[in-house]
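In this chain, residues are counted from 1 in sequence order. These values consider heavy atoms only, across backbone and side chains, with no hydrogens, waters or symmetry-generated copies. Quick caveat, the model's predicted, so the values are computed rather than measured.
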Amino acid sequence: MSEFTVTVIRFAFFIILWLFVLGVAGVLKRDIFGAKRGPRKSRRKAGKSRPAAKGPPAPAAAAPAPPAAPPPRGPDRAHPGSIRVTAGPLAGTSLILSGAPVTFGRAPDNTIVISDDFASSHHARIVAQNGAWVLEDLGSTNGTFVDGSRITSPVSLSIGTQITIGHTTLETQS
């Protein structure tokens, strides 16, 4: 092989090596600091672009619809008022659900910090929606389990629901 060919192969190998190193650094950064959290766009609207508005904004065409009535409360659909850690390092800890979102994960900015290698930095959250509490997984690596089943979409919570994140188990209470 000519000296030029060997130099080109070495240069190509050098570039591939650095791309690999930068890729590993990016994955480590995401794992340590969490994924970027920006405004979420629905998949339907993601492909459409909105034209720029010209002039003053138009007045609203209709008044907002009144909120839907909450689902009927029965013994099996009663809404929880608190959440308690039943297993794991934080066993015995309770938190009253007050209306603000409750977040779970390893990062220190979570409401409940779970020091577990199987928990993501921002693992899951509980939010109030239409008069009920809803648990949603935030794209965690190892998943969030409700009553033993891994969730893939938001799940409405009732009293006695067991939530498992890594080695930590939580239960909703009245």
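Taken together through direct or relayed side-chain contacts under 4.5 Å among Ile, Leu, Val, Met, Phe, Trp and Tyr, Phe20 and Leu28 form part of one hydrophobic cluster. Linking ILVMFWY side-chain heavy atoms closer than 4.5 Å, directly or via other members, places Phe145 and Ile159 in two distinct hydrophobic clusters. Hydrophobic clustering (ILVMFWY, side-chain heavy atoms < 4.5 Å, transitive): Ile151 and Ile112 are in one cluster.
Here CG of Asp147 is found 9.0 Å from CD of Glu171. Values are rounded to the nearest 0.5 Å. To the nearest 0.5 Å, the span separating CZ on Phe11 from CD1 on Ile16 amounts to 11.0 Å. Here the straight-line distance linking atom CZ of Arg106 with atom OG of Ser115 works out to 9.0 Å at 0.5 Å rounding. Note that CD1 of Ile15 and CZ of Arg10 are 14.5 Å apart. Values are rounded to the nearest 0.5 Å. If you take CD1 on Ile114 and OG on Ser120, they are separated by 10.0 Å, rounding to the nearest 0.5 Å.
Proximity of a side-chain donor or acceptor of Asp116 to a complementary backbone N or O of His167 within less than 3.5 Å is detected. One N or O on the side chain of Thr172 and one on the backbone of Gly160 form a donor-acceptor pair closer than 3.5 Å. Using a distance-only test at 3.5 Å, with no hydrogens or angles considered, a donor-acceptor pair links the side chain of Thr86 to the main chain of Thr169. Under a 3.5 Å cut-off, the side chain of Asn110 and the backbone N or O of Val113 do not form any donor-acceptor pair. Distance alone, capped at 3.5 Å, is enough to place a donor-acceptor pair between the Thr7 side chain and the Glu3 backbone.
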* Given side-chain hydrogen bond (donor to acceptor under 3.5 Å, both in side chains), test His122 with Thr103 step by step and report yes or no. => CA-CA 7 Å; His122 294 95; Thr103 58; over 6 Å; no
* Would you sort out whether His123 and Asp137 count as a side-chain contact (heavy atoms from CB on, under 4.5 Å), showing the intermediate values? => CA-CA 6 Å; His123 196 97; Asp137 186 88; 4.1 Å; yes
* List the steps and the verdict of side-chain contact (heavy atoms from CB on, under 4.5 Å) for Ile163 and Ile126. => CA-CA 11 Å; Ile163 303 163; Ile126 297 176; 4.2 Å; yes
* Carefully, step by step, assess Ile83 and Gln173 under the rule side-chain contact (heavy atoms from CB on, under 4.5 Å). => CA-CA 6 Å; Ile83 190 160; Gln173 298 178 338; over 6 Å; no
* Applying side-chain contact (heavy atoms from CB on, under 4.5 Å), run through Leu135 and Val146 and close with a yes or a no. => CA-CA 9 Å; Leu135 172 71; Val146 172; 3.4 Å; yes
* Show the numbers, then the answer: is there a side-chain hydrogen bond (donor to acceptor under 3.5 Å, both in side chains) between Arg84 and Ser94? => CA-CA 4 Å; Arg84 182 177 180 87; Ser94 268; 3.2 Å; yes
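The heavy-atom pair separating Ser82 from Ser174 by the smallest distance is OG-O, 3.8 Å. When all heavy atoms of Arg150 and Ser140 are compared, the closest pair comes out as NH2-O, 4.1 Å. For Ala119 against Ile165, the heavy-atom pair with the smallest separation is CB-CG2, 4.0 Å. When every heavy atom of Thr161 is checked against every heavy atom of Ser158, the shortest pair comes out as OG1-O, 2.8 Å.
Other residues, nucleotides and ligands place more than 12 heavy atoms under 6.0 Å from the CG atom of Leu95. The environment of Phe118 atom CZ is sparse: at most 12 non-hydrogen atoms of other residues, nucleotides or ligands sit within 6.0 angstrom.
Contact of the Thr144 side chain with the Glu136 side chain is not registered, since no non-hydrogen atoms from C-beta on lie closer than 4.5 Å. The shortest distance between side-chain heavy atoms of Leu97 and Val102 falls below 4.5 Å.
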